[in-house]
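Okay, structure first, notes after.
Both counts, for ligands and for their atoms, begin at 1 and track the order of listing. Hydrogens, waters and symmetry mates play no part in the numbers below; they use all other heavy atoms, side chains included.
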Amino acid sequence: MLQLYFFPMACSLASRIALTEAGIEARYHLAHIWTKKVVDDGSDFRSVSPKGAVPVLILENGERLTESAAVLQYIADLKPELGLAPRPGDPDRYRLQEWLSFIGAEIHKAFLFPTFWYKDDASLAKPRARIGQTLSVPATHLADREFLVGDRFTVADAHLTWALLLLRPAGVDIAQWPSLSAYLERMQARPAVREAIATEMALRKTVTA
Ligand SMILES: N[C@@H](CCC(=O)N[C@@H](CS)C(=O)NCC(=O)O)C(=O)O
């Protein structure tokens, strides 16, 4: 069985959403991203992944896969018939990778990561100045589209849903981009997305920084 190391409401939520959308059973291990302890047994999370960051997906053959973009595509490819990623060779596969990279680098690492990890105003001034311009990209794209890629839910939507959820606690009100608010509402209406978020919100209350 696949195993996912996650931290509640961290970027690994996108991987849980993808697994839930795909109906793939997995064992979930809560890895505390500040203490670097695996909560199940108190072991060192860095021995699971030297990056000390979630998500980490343990594959059926025991190999470890990190990086949301790779983990999400791996999960999608386990059930190609569901279209959670366009198949390799389909030009839309590059659109999927384009969005996964953009969300991971420009929203997550350029804004969410410094906001939650470096709480001083001086290091946050530039990320804060830039986030509006960054968010206008998916906002414009989604003005007349239901999903990021093609006409169905993909793992890029799982990734963006997570990022949009974190923007509020990061101090950004997405109501200023009606297409993003409407999109987030649509995504949260999906049973698998709702289930994954509810599970992690409940667990989030059990862990402290
Ligand atoms: N590039 C990685 C970033 C992973 C990442 O930064 N995860 C955060 C949680 S959202 C984490 O575990 N951070 C702990 C750390 O960097 O020490 C990905 O996209 O998966």
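- Stacking of Arg130 on the aromatic ring of Phe111 is not recorded, the 6.0 Å distance cut-off and the 45° axial limit not both being met.
- The existence of a salt bridge linking Lys51 and Glu67 is confirmed by a sub-4.0 Å separation between a basic side-chain nitrogen and an acidic carboxylate oxygen.
- A distance of 4.0 Å separates CG of Leu30 from CZ of Phe6, quoted to the nearest 0.5 Å.
- Using a 4.0 Å cut-off between a side-chain N of Lys or Arg and a carboxylate O of Asp or Glu, Asp77 and Arg93 qualify as a salt bridge.
- A cation-pi arrangement is present between Arg16 and Tyr28 under the rule of less than 6.0 angstrom and at most 45 degrees off the ring axis.
- Protein residues having a heavy atom under 4.0 Å from any atom of ligand 1 are Ala10, Cys11, Ile33, Lys36, Gly52, Ala53, Val54, Pro55, Glu67, Ser68, His108, Lys109, Phe113, Trp117, listed by chain and number.
- Nearest heavy-atom pair, Leu72 versus Ala14, reported as atom, atom and distance to 0.1 Å: CD2-O, 3.4 Å.
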